[in-house]
Number of protein chains: 2
Amino acid sequence: MKKETAASGTETETGTGARAGIDPSGPALARIRALPSWQLNRASARGRRLVGEALAREGLRMPHHAVLSAVSDLGPVAQAELGRTTGFDPKDMVGILNDLQAAGLVTREPDPADRRKNAISLTDEGGRRLVRLAERGDEANEELLGALTPGERERFLELLRKVAEG
Amino acid sequence: MKKETAASGTETETGTGARAGIDPSGPALARIRALPSWQLNRASARGRRLVGEALAREGLRMPHHAVLSAVSDLGPVAQAELGRTTGFDPKDMVGILNDLQAAGLVTREPDPADRRKNAISLTDEGGRRLVRLAERGDEANEELLGALTPGERERFLELLRKVAEG
DNA sequence: AGATGTCGTTGGTGGTCCCAACGATACAGA
DNA sequence: TCTGTATCGTTGGGACCACCAACGACATCT
């Protein structure tokens, strides 16, 4: 029952990128799996899993790490500014900061100079936790790129940045 | 327009917008952004957005494209087999196939040889739509890698596969 | 026959991202 | 000073993707 109509017939095309060694009977799935977007999703999912597991050992998740880093860099800073810097939605920023505040890693005080704003600051414990988070994150990324040589990693990151920035 | 005073206005300033170089006192954010996992997430998100928009022009989404491709390759096939092949959760497979069936792109008939199974087959319209989906997907991936030369694309995909497979 | 496992399905969770609206507040211009 | 406009943090909702638990129906192995 193989009535392969799609793509198997006279789809000569330019022959670009097409991995010539693909199963001739039904290349549709292999084509999809060869797409950069597909492989990017797979690699990204693996990275998220590795980093997620690593940060979970510190009781936090990736957004917490990012926001904690931003607070560390920007000193006392408003939530909206944190959102612009890290790219997280204001809606989600509320929950992230709630978690960090509940864990005693940041303080959230009203800004006397602008009473609309919250001044977010890093606590000492937050600073210590951030160091450990960075270590865990580095370990996870080390494992993520484990199959690559140092030279390949450099090249990969360079190309990846181009793709990410569009 | 408006000067951004921020909470730390009085003593931080130090001269510029600070967008230029990495601040040596607090490189935490820059470190995170330089992580492969961070860049992978960015690139993957861009890919998902581009592909999603492209496939939406055909009224479908990425999982539909993948499953439709699998059905095209595997002829009449059970849902569980589709799930194993494409990696989608059985729960999600139900919804995906509901959509494809409602759109007349696949048929779902009871398998007489095993009444637990559904035999999923591609319709003629499904085959035609799949061709268009593949074209749209290729266009989106073309744009995704637009900043890379052909040689860079090949190298990038090679490294990306290594990272994805771990 | 009974034990075991797979089938499709339903239900629920969590994470990421985006949008709309709200009250409170700040600010620029009439 | 008053008034409109914009931003602040917050709440609520939705789309999409990934994952897991449980169930009845059914097949298979012993």
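Treat the numbers as computed from the prediction; the structure is a model and nothing was measured. In what follows, chains carry the letters A, B, and so on, assigned in the order in which the sequence lines appear, proteins first and then strands, with residues in each chain numbered from 1.
Taking every side-chain heavy atom of B:K91 into account, D:dC20 is the closest of C:dC17, D:dA18, D:dC20. Checked against D:dT10, C:dC7, C:dT9, the side chain of A:Q79 finds its nearest nucleotide in D:dT10. Listed candidates were C:dA26, D:dA27, D:dT7. Nearest to the side chain of A:R84 is D:dT7.
OP1 or OP2 of D:dA25 has not a single side-chain nitrogen or oxygen of B:R116 nearer than 4.0 Å. Distances shown here put a side-chain N or O of B:R108 below 4.0 Å from the OP1 or OP2 atom of C:dT9.
B:L55 places its CG atom 13 Å from the C1' atom of D:dC16, with the value rounded to the nearest Å. In this entry the distance linking CZ of A:F88 with P of C:dG15 reads 12 Å, nearest Å. Between A:D114 atom CG and D:dT7 atom P there is a gap of 12 Å when expressed in whole angstrom units. Atom CZ of A:R48 is separated from atom C1' of C:dT16 by 8 Å (rounded to the nearest Å). Atom CE of B:M93 and atom P of C:dT9 are 11 Å apart (whole Å). Straight-line distance from the CG atom of A:D111 to the P atom of C:dA26: 9 Å, rounded to whole Å. Put simply, CG on B:N118 is 12 Å from C1' on D:dA25, counting in whole angstrom units. Atom C1' of nucleotide D:dA18 and atom CZ of B:R61 are separated by 14 Å, given to the nearest angstrom.
The pair B:E142-B:R153 counts as a salt bridge, with a side-chain nitrogen and a carboxylate oxygen less than 4.0 angstrom apart. Comment: B:R155 engages B:E158 in a salt bridge, judged by a side-chain N to carboxylate O separation of less than 4.0 angstrom. Under a 4.0 Å N-O distance rule, the pair A:R129/A:E125 qualifies as a salt bridge.
Using a 4.0 Å heavy-atom cutoff across all strands shown, A:D92 reaches at least one base atom of the nucleic acid. Within the nucleic acid shown, B:A45 has no heavy atom closer than 4.0 Å to any nucleic acid atom.
With a 4.5 Å cut-off on side-chain heavy atoms, A:R33 and B:R161 do not count as touching. Taking the side chain as every heavy atom from C-beta outward, A:L144 and B:L40 approach each other to under 4.5 Å.
Nearest-nucleotide mapping onto DNA chain D: of A:P90 and A:N41, the residue sitting toward the 5' end is A:P90.
At a cut-off of 3.5 angstrom, the base of D:dC20 holds at least one donor-acceptor pair with the side chain of B:D89.
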